[in-house]
Student: 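Quick one: this structure, given as structure tokens, is what I'll be asking you about.
What's counted below: heavy atoms across the whole structure, side chains too, no hydrogens, waters or symmetry copies.
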Amino acid sequence: MDTSEAPAPGGFASLTGQYKALNPMQQVPAVEIDGIILSQSLAVIQYLDETRPGPRLLPADPKKRAQVRMISDLIASGIQPLQNVHILQKIGAEKLQWAQHFIDRGFKALEEILKKTAGKCCVGDEISMADICLVPQVYNAERYKVDVGQYPTIKRLNQTLLEIDAFKVSHPSCQPDTPVDLQA
């Protein structure tokens, strides 16, 4: 769920004027679907959940749905933005320590929450929006050399989710715009 600038073959696609017209923030994702343009991962996930058949990504139970939203927001708004490429470029030489600090800070809080909510997945035993947010954030943590082993619940959930085909094929390391040194 990386909302940083998206590298594409031949350059940064999100920096083009055409992309800026699609998404004024010049971040990914931006999706044109059903005659509308959506940006921001959680909005895209929720729209797909509400308009497409298949397993629901937000539980029917209001308490579990609130927990899924809380975890998703913690990751998408509280941890991930602090490692966006455009943020780290401004930090300069301290970017690795910056990313590690904010990932660790967020993972400490996330670990405590997940200890209370997790089953096989972030909230109970059904895949939810929270799980979709978790896997790319763990990828970012590993990319920035954070020891995920100090967060056993996060590590266990990520390992379990990565056994599922949908998570394998959509993993950040498998995307066509992933830099060669980060590909699976």
Student: Nearest 0.5 Å, please: how far is CG in Leu96 from CD1 in Ile91?
Tutor: 12.0 Å

Student: Output, in order, the C-alpha distance, side-chain angles, deciding distance and verdict of side-chain contact (heavy atoms from CB on, under 4.5 Å) for Phe102 and Ile79.
Tutor: CA-CA 6 Å; Phe102 285 106; Ile79 304 172; 6.0 Å; no

Student: Is the closest side-chain heavy-atom distance between Pro136 and Ile75 below 4.5 Å?
Tutor: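 Heavy-atom side-chain distance check fails, nothing below 4.5 Å.
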
Student: Could you tell me whether Asp34 and Arg52 make a salt bridge, using a distance below 4.0 angstrom between a side-chain N and a carboxylate O?
Tutor: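 Judged by the 4.0 Å cut-off on N to carboxylate O distance, Asp34 and Arg52 do form a salt bridge.
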
Student: State the OH-CD1 distance between Tyr144 and Ile103, to the nearest 0.5 angstrom.
Tutor: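 Tyr144 atom OH to Ile103 atom CD1 measures 7.5 Å (nearest 0.5 Å).
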
Student: May I ask you to check whether Gln150 and Glu111 show a side-chain donor-acceptor distance below 3.5 Å?
Tutor: no

Student: Let's go through Leu38 and Ile33 carefully: what are the C-alpha distance in whole Å and the side-chain angles of both, what is the deciding distance for side-chain contact (heavy atoms from CB on, under 4.5 Å) to 0.1 Å, and is it a yes or a no?
Tutor: CA-CA 8 Å; Leu38 295 172; Ile33 186 170; 4.3 Å; yes

Student: Hydrogens and angles aside, do Asp104 and Tyr151 bring a side-chain donor and acceptor to less than 3.5 Å of each other?
Tutor: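 Looking only at side-chain atoms, Tyr151 and Asp104 do form a donor-acceptor pair, the distance falling under 3.5 Å.
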
Student: Is Asp131 reaching over with its side chain to a backbone N or O of Cys122, donor-acceptor style, under 3.5 angstrom?
Tutor: yes

Student: Can you give me the closest heavy-atom contact between Thr153 and Ala118, atom names plus distance?
Tutor: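 Closest heavy-atom pair between Thr153 and Ala118: CG2-CB, 4.2 Å.
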
Student: Look at the side-chain heavy atoms of Ile, Leu, Val, Met, Phe, Trp and Tyr, link any pair under 4.5 Å apart, and say whether Leu42 and Val138 land in one connected group.
Tutor: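 Yes; tracing contacts between hydrophobic side chains, which count when under 4.5 Å, links both residues.
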
Student: Give a yes or no answer on whether the side chain of Ser72 reaches the backbone of Ala130 with a donor-acceptor pair at less than 3.5 Å.
Tutor: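 Yes, the answer is positive, given that a donor and an acceptor are paired below the 3.5 Å cut-off.
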
Student: Rounded to the nearest 0.5 Å, what's the gap from CD1 on Ile132 to CD1 on Ile45? Could you check?
Tutor: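 Taking CD1 in Ile132 and CD1 in Ile45, the distance rounds to 5.0 Å.
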
Student: State whether Lys115 and Glu112 are salt-bridged, where the test is any N-O pair (Lys NZ or Arg NE/NH1/NH2 against Asp/Glu carboxylate O) under 4.0 Å.
Tutor: yes

Student: Could you state whether Leu57 and Val44 fall into the same hydrophobic cluster, counting links through intermediate Ile, Leu, Val, Met, Phe, Trp or Tyr residues with side-chain heavy atoms under 4.5 angstrom apart?
Tutor: no

Student: So do Val31 and Ile37 actually touch side chain to side chain, heavy atoms under 4.5 Å?
Tutor: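 With C-beta onward as the side chain, the pair stays apart.
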
Student: Going hydrophobic residue to hydrophobic residue with side-chain gaps under 4.5 angstrom, can you get from Val123 over to Leu162?
Tutor: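 Yes; tracing contacts between hydrophobic side chains, which count when under 4.5 Å, links both residues.
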
Student: Tell me whether Leu48 is reachable from Phe167 by hopping between hydrophobic residues (I, L, V, M, F, W, Y) whose side-chain heavy atoms are closer than 4.5 Å.
Tutor: no

Student: Kindly say whether Lys155 contributes a backbone atom to a donor-acceptor pair with the side chain of Asn158 at under 3.5 angstrom?
Tutor: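 Looks like no, no N/O pair under 3.5 Å.
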
Student: Start with the C-alpha distance between Gln137 and Gln83, add both sets of side-chain angles, then the distance that settles side-chain contact (heavy atoms from CB on, under 4.5 Å), and finish with yes or no.
Tutor: CA-CA 10 Å; Gln137 185 53 61; Gln83 315 127 58; 3.1 Å; yes

Student: Do Ile164 and Leu161 come close enough that some side-chain heavy atom pair is under 4.5 Å?
Tutor: yes

Student: If you take all heavy atoms of Asp125 and Lys120, which pair is closest and at what distance?
Tutor: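 Shortest heavy-atom contact: OD1-N, 2.8 Å.
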
Student: Is Met129 reachable from Tyr47 through a run of hydrophobic residues whose side-chain heavy atoms are each under 4.5 Å from the next?
Tutor: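 Each belongs to a different hydrophobic cluster.
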
Student: Rounded at 0.5 Å granularity, tell me how far CD1 in Ile71 sits from OG1 in Thr117.
Tutor: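 Answer for the CD1-OG1 pair, Ile71 versus Thr117, is 3.5 Å.
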
Student: For Arg156, I'd like to know if atom CZ has over 12 heavy atoms of other residues, nucleotides or ligands within 6.0 Å.
Tutor: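 Atom CZ in Arg156 is crowded, with more than 12 foreign heavy atoms closer than 6.0 Å.
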
Student: Could you tell me whether Gln46 atom CD has more than 12 heavy atoms of other residues or ligands within 6.0 Å of it?
Tutor: yes

Student: Mind running side-chain contact (heavy atoms from CB on, under 4.5 Å) on Leu58 and Lys64 for me, showing each step along the way?
Tutor: CA-CA 8 Å; Leu58 288 166; Lys64 286 185 177 185; over 6 Å; no

Student: Calculate, to the nearest 0.5 Å, the distance between atoms CD and CG belonging to Gln100 and Asp147 respectively.
Tutor: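 Reported to 0.5 Å precision, the distance equals 10.5 Å.
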
Student: Do Tyr139 and Val148 have side chains that get closer than 4.5 Å, going by heavy atoms?
Tutor: no

Student: Any heavy-atom pair between the side chains of Asp165 and Lys168 that's under 4.5 Å?
Tutor: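 Yes, their side chains come closer than 4.5 Å.
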
Student: Nearest 0.5 Å, please: how far is CG in Leu110 from CE in Met70?
Tutor: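 With rounding to 0.5 Å, CE (Met70) is 9.0 Å from CG (Leu110).
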
